[in-house]
Amino acid sequence: MRYLSKTGFRTTVSALAVLTLAGLAAGAAAAEPTGPDGPTTPVTGDPENPDYSSRVEDVVVTGVASRPLSSPVQASLNATQPQSIIDRKAIDQFIPATADYTQIVNLAPSVSGTSFNGPGLGEAKTTLRGFKDGEYNITYDGIPWGDANGPTHHSTSFFPSSTIGAVIVDRGPGEASQLGQASFGGSINLFSPEVSHDRGGSQSLTYGSWNTMMSVTKLNTGDIDQLNGAHILFNFQEMQTDGYLTHNDAVASNQMVRGVFPLMGSWDLTVFGAWNYTRIHTNDSAGATLAQVDLYGKNFALTDDPNLPTWYGYNSVEKHTYFNYARLAGDLTDSLSLKNTVYSYYYKNDTESALDVTLSPADIAAKKGLQITLTPGGKPTVNGHIPGYQKLNVYRIWGDTLNLTQTVPFGEIRAGLWWEHADTGPRSRIDYDATTGGPDYRQKVLAGVPQTLEYLQYSGWNQTEPFIDVQWNVTPRLTITPGLKYVNFDLRVDSEVNQKSREPFHGGKTFEKTLTFLTARYALQDNWSVYGQYATGFLVPDISSTQVAKPNLSDLQPQTSTNYQLGTVFHGDRFSFDADVYYVDFNNKIQTAFNATTGETESFNLGGAIYKGIEGQLTVQAMDSLFVFANGSLNSAETKGNTQLGVVGNLQIAQAPTTTAAAGVIYDAHNGLTVSFIDKYTGESWASEGEPAAYHIDGYNSADLTATLSFDRYRLEAAVYNVFDSQEVTAIKPGKTTPYDQYYFQPERNFQVSLKANF
């Protein structure tokens with residue numbers, strides 16, 4: 001794909017805007033009214049859970065028509081910002097059974113990312129509108145979650161696909177009540193499966209490429225009379241795979257329980273618990289050099305040769321996590337309702353890794369990548385052993401969200417408080433000799449003394465965010481909602497041996513800011529609405545900002561943004577459409593880059609950036625059983641330019657694709673047979689700042705063919721993913737020098753077959 005010029009971007013936006021208005025006019029002519037207040041039937045989901053649609057307050061999908069259109073994604077007529085709703089039916093039809101949320105959200109416009117080891121078989125990162133992981137929120141049942149050393153996420157560590165009942169991708173900051181540290185970049189909202197009032201369950205078995213096997217067992221107790229009608233869902237998932245990448249075999253298990261306990265009147269208590277374990281052979285900084293690709297192929301990762309840093313025995317990651325909450329909800333008065341959620345989650349990562357899988361035996365003998373050659377006593381040594389390290393990361397997070405909704409004559413007042421406390425520690429990394437398992441004193445010397453402890457760090461935060469939204473129903477068709485949120489974030493770091501500097505550091509800082517929000521929605525017709533949004537954003541620096549030789553917390557400044565969006569949603573009898581334009585003015589943009597001098601990936605201030613674009617998605621019912629689906633986006637994420645910082649302006653920031661597109665055909669025979677073919681395209685990007693030609697990544701696509709057949713109590717699915725076997729470069733990690741750059745590719749064509757039985 002040729003580079004899209006800035007002029008070309010503006011021209012294409014104008015052309016798409018004209019087509020958008022033309023499509024709306026055509027759809028409106030064929031529209032059927034759906035009632036004076038607009039359609040209110042929520043998206044339905046898991047057929048095992050018939051009351052899925054009752055959880056309207058949690059899964060905010062009212063305003064979607066009764067779903068005559070078979071579509072992977074669509075938006076609500078009540079939306080006040082761009083969104084993509086993906087229900088359980090779509091997840092079952094279009095997403096690999098082994099997938100995690102990163103594969104699910106890829107159905108939406110402006111979203112990109114892929115797992116290099118196969119769907120759900122290795123961690124993946126999602127980019128949203130050019131915002132990288134950590135610059136947007138991910139929530140589960142309304143609870144924001146992420147790492148304690150920055151709001152980034154591990155896609156395989158908490159919620160596999162079977163624990164996700166629906167997803168809403170909000171491409172915007174939302175209202176003041178939208179919780180999360182990085183709401184300016186949007187939110188990926190995951191929701192647990194609904195609990196059925198009927199007793200039953202299901203058993204599914206999946207087999208696929210690379211000897212991938214998975215089992216999912218679901219059990220619904222149904223209403224338990226002895227417990228006042230309480231109903232509980234149990235979900236057990238077990239998975240193992242050899243993986244697409246060589247010697248990247250993995251095992252994973254997840255146990256989940258969700259129970260709803262009616263108390264009295266309108267009050268009920270929901271309890272949830274999920275426990276996850278994963279283990280995979282992978283290097284902590286995986287990726288293949290071009291030399292390794294030439295020798296072994298694009299799926300090269302690890303070997304079975306203990307003389308090389310790539311031996312699988314030197315490289316493994318093991319993780320244990322849990323995620324628990326208890327939610328009390330009910331009406332305090334006829335006009336005032338309360339919802340309070342207490343939650344906690346935990347993450348533990350045990351990693352053993354070779355120092356650098358790009359090193360050859362000659363590199364190791366020549367001490368490339370090793371900073372010193374001393375042993376205790378100062379005697380130089382060349383032992384040819386494999387340098388490695390052991391890493392431990394543990395954190396625990398506790399929090400509470402309080403939501404109050406007061407109905408008033410002119411609308412609603414929604415107010416509440418989010419409080420959260422985080423403890424991280426120990427975070428540690430120790431250099432060791434991977435060959436012998438003993439200490440390795442070659443890697444670092446400080447004040448003439450060899451060191452093996454790279455860092456030993458404890459950190460955490462306390463954050464408090466009170467918020468209020470006032471929904472003013474100006475007319476039956478016009479709603480305006482101003483909002484305020486106050487952010488108070490107290491960050492602390494205590495390190496006897498700080499990361500990168502290997503010196504003590506103890507410090508902290510409190511960040512605070514008042515954020516303002518304003519949304520407006522107008523119903524042009526009963527099935528056609530428009531909206532506008534203004535919001536300010538705020539993101540506290542994470543602890544990586546302190547991981548420098550001489551940290552200075554007083555100089556740390558948060559990233560801030562101002563967001564503007566306009567959009568429209570239309571639902572017709574045979575045509576569904578939504579589109580939007582957005583503009584985000586971003587200040588104090590923090591990016592990461594590899595420092596060849598220090599050999600570390602480090603954070604730096606890029607200055608400012610402007611994010612702008614146009615997005616749209618539509619579904620057309622071409623025939624009774626035939627549906628056509630498409631969505632797409634043009635995404636500009638360009639530096640403002642800063643001569644003081646040496647930043648050139650009007651260049652796409654690193655790792656931000658310029659476009660996304662998806663299109664497909666869905667055949668629903670209404671006799672249990674459904675066939676779909678969907679192709680997702682991710683546009684060009686650059687792996688490093690400044691659009692360097694050496695780090696340009698061409699656009700790539702992946703087409704998936706899926707067929708499902710339901711009969712009696714059974715469901716059979718067969719799917720081929722990446723039908724055209726595209727194995728293009730999707731990411732590049734710059735190395736110390738060009739020969740040590742690491743490349744990442746799309747997994748080859750692969751398949752999965754699943755059989756599910758309901759009982």
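All values derive from a computational prediction rather than experimental measurement.
- With rounding to the nearest 0.5 Å, the separation of CG in N750 from OH in Y721 is 8.0 Å.
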Would you be so kind as to tabulate the donor-acceptor pairs closer than 3.5 Å made by side chains of residues 531-538, with sequence neighbours excluded?
from	atom 1	to	atom 2	distance (Å)
Q533	OE1	Q565	NE2	2.5
Q533	NE2	G174	O	3.1
T536	OG1	T516	N	2.9
T536	OG1	T516	O	3.3

Is there a side-chain contact (heavy atoms from CB on, under 4.5 Å) between T660 and V111 once you walk through the steps?
-> CA-CA 7 Å; T660 69; V111 176; over 6 Å; no
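- Using a cutoff of 4.0 Å between basic side-chain nitrogens and carboxylate oxygens, R574 and D624 are not scored as salt-bridged.
- With respect to the salt-bridge test (charged N to carboxylate O, under 4.0 angstrom), the residues R171 and D580 qualify.
- For the residue pair A97 and S754, the shortest heavy atom distance occurs at CB-OG, 4.0 Å.
- In terms of heavy atoms, P144 sits closest to W418 at CG-CZ2, 3.8 Å.
- We find the CG-OG distance between L524 and S529 to be 7.5 Å, quoted to the nearest 0.5 Å.
- The aromatic ring centres of F272 and Y325 sit less than 6.0 Å apart.
- Residue Y611 holds its OH atom at 3.0 Å from CD1 of I653, rounded to the nearest 0.5 Å.
- Taking 4.5 Å as the limit, some side-chain heavy atom of F410 sits within range of a side-chain heavy atom of V470.
- Between the side chains of Q617 and S84, at least one donor N or O sits under 3.5 Å from an acceptor N or O.
- Side-chain contact check for Q471 and T479: no donor-acceptor pair (N or O, by modelled atom type) lies under 3.5 Å.
- Using a 4.5 Å cut-off on side-chain heavy atoms (C-beta onward), V408 and W472 make no contact.
- Less than 6.0 angstrom separates the ring centroid of F131 from the ring centroid of F184.
- For the 3.5 Å distance criterion, the side chains of N78 and R521 qualify, holding a donor opposite an acceptor.
- Each of D133, N137, D100 was scored for a side-chain hydrogen bond (donor to acceptor under 3.5 Å, both in side chains) with H153, with one residue passing: D133.
- Closest non-hydrogen pair, P72 versus L107, comes out as CB-CD1, 4.1 Å.
- Looking at every heavy atom in both residues, D469 comes nearest to A176 through OD1-N, 3.1 Å.
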Start with the C-alpha gap between S115 and Q103, add the side-chain angles, then the distance that decides, and say whether side-chain hydrogen bond (donor to acceptor under 3.5 Å, both in side chains) holds.
-> CA-CA 8 Å; S115 171; Q103 191 86 11; over 6 Å; no
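- With rounding to the nearest 0.5 Å, the separation of CD in E175 from CG in D170 is 10.0 Å.
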Going through the checks in order, is the ring pair (Phe, Tyr, Trp, His ring centres under 6.0 Å) test met by F159 and F323?
-> CA-CA 9 Å; F159 308 114; F323 188 96; 5.1 Å; yes
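- R414 has its side chain out of reach of N403: every pair of non-hydrogen atoms, C-beta onward, lies at least 4.5 Å apart.
- For Q74 and T619, the side-chain atoms include no donor-acceptor pair closer than 3.5 Å.
- The backbone N or O of L651 lies less than 3.5 Å from no partner atom in the side chain of E638, so there is not a single donor-acceptor pair.
- Contact check for T706 versus F94: no side-chain heavy atoms found under the 4.5 Å cut-off.
- Formation of a donor-acceptor pair under 3.5 Å by the N527 side chain with backbone atoms of H571 is found in this model.
- Using a 4.5 Å heavy-atom cutoff, the side chains of Q406 and L404 are not in contact.
- In this structure a side-chain-to-backbone donor-acceptor pair under 3.5 Å is missing from R258 to E194.
- With values rounded to the nearest 0.5 angstrom, T401 atom OG1 is found 7.5 Å from F467 atom CZ.
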Show your working on side-chain contact (heavy atoms from CB on, under 4.5 Å) between T152 and K125 and close with a plain yes or no.
-> CA-CA 9 Å; T152 56; K125 295 293 185 182; 4.3 Å; yes
What do the steps show when you test S187 against Q178 for side-chain hydrogen bond (donor to acceptor under 3.5 Å, both in side chains), and what is the final call?
-> CA-CA 9 Å; S187 295; Q178 174 67 57; 3.2 Å; yes
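- Within the 4.5 Å cutoff, the side chain of E728 has no heavy atoms near those of the I697 side chain.
- The minimum heavy-atom distance linking L128 with G185 is given by the pair CD2-O, 3.4 Å.
- Put simply, CD on E412 and CG on N473 are 8.0 Å apart, with the number rounded to the nearest 0.5 Å.
- A donor-acceptor pair is defined here as one N or O able to donate and one able to accept, closer than 3.5 Å; no such pair exists between the side chain of E465 and the backbone of L179.
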Does the pair E615 and R129 meet the rule for a salt bridge (charged side-chain N to carboxylate O under 4.0 Å, His left out), with working shown?
-> CA-CA 10 Å; E615 305 162 316; R129 282 184 169 175; 2.9 Å; yes
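- Between K680 and D704 there is no salt bridge, since no side-chain nitrogen of the basic residue lies less than 4.0 Å from a carboxylate oxygen of the acidic one.
- T519 has its side chain out of reach of I480: every pair of non-hydrogen atoms, C-beta onward, lies at least 4.5 Å apart.
- Of the possible donor and acceptor atoms, none in the side chain of D679 sits under 3.5 Å from a partner among the backbone N and O of N701.
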Worked check of salt bridge (charged side-chain N to carboxylate O under 4.0 Å, His left out) between D526 and R477 = CA-CA 9 Å; D526 295 335; R477 291 188 178 275; 3.1 Å; yes
Report the C-alpha distance between Q93 and S676 in whole Å, list the side-chain angles of each, state the deciding distance to 0.1 Å, and finish with yes or no for side-chain hydrogen bond (donor to acceptor under 3.5 Å, both in side chains).
-> CA-CA 8 Å; Q93 174 64 36; S676 64; 3.2 Å; yes
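- N106 contributes a side-chain N or O that, together with a main-chain N or O of G113, makes up a donor-acceptor pair within less than 3.5 Å.
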What's the verdict on side-chain contact (heavy atoms from CB on, under 4.5 Å) for V167 and Y101, showing C-alpha distance, side-chain angles and the deciding distance?
-> CA-CA 8 Å; V167 178; Y101 69 84; 5.6 Å; no
List the steps, then state whether side-chain contact (heavy atoms from CB on, under 4.5 Å) holds for F627 with S71.
-> CA-CA 8 Å; F627 302 84; S71 174; over 6 Å; no
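- The shortest non-hydrogen separation linking L634 to Y582 is O-OH, 4.2 Å.
- With hydrogens and angles ignored, the 3.5 Å screen pairs no side-chain donor or acceptor of N635 with any backbone N or O of G130.
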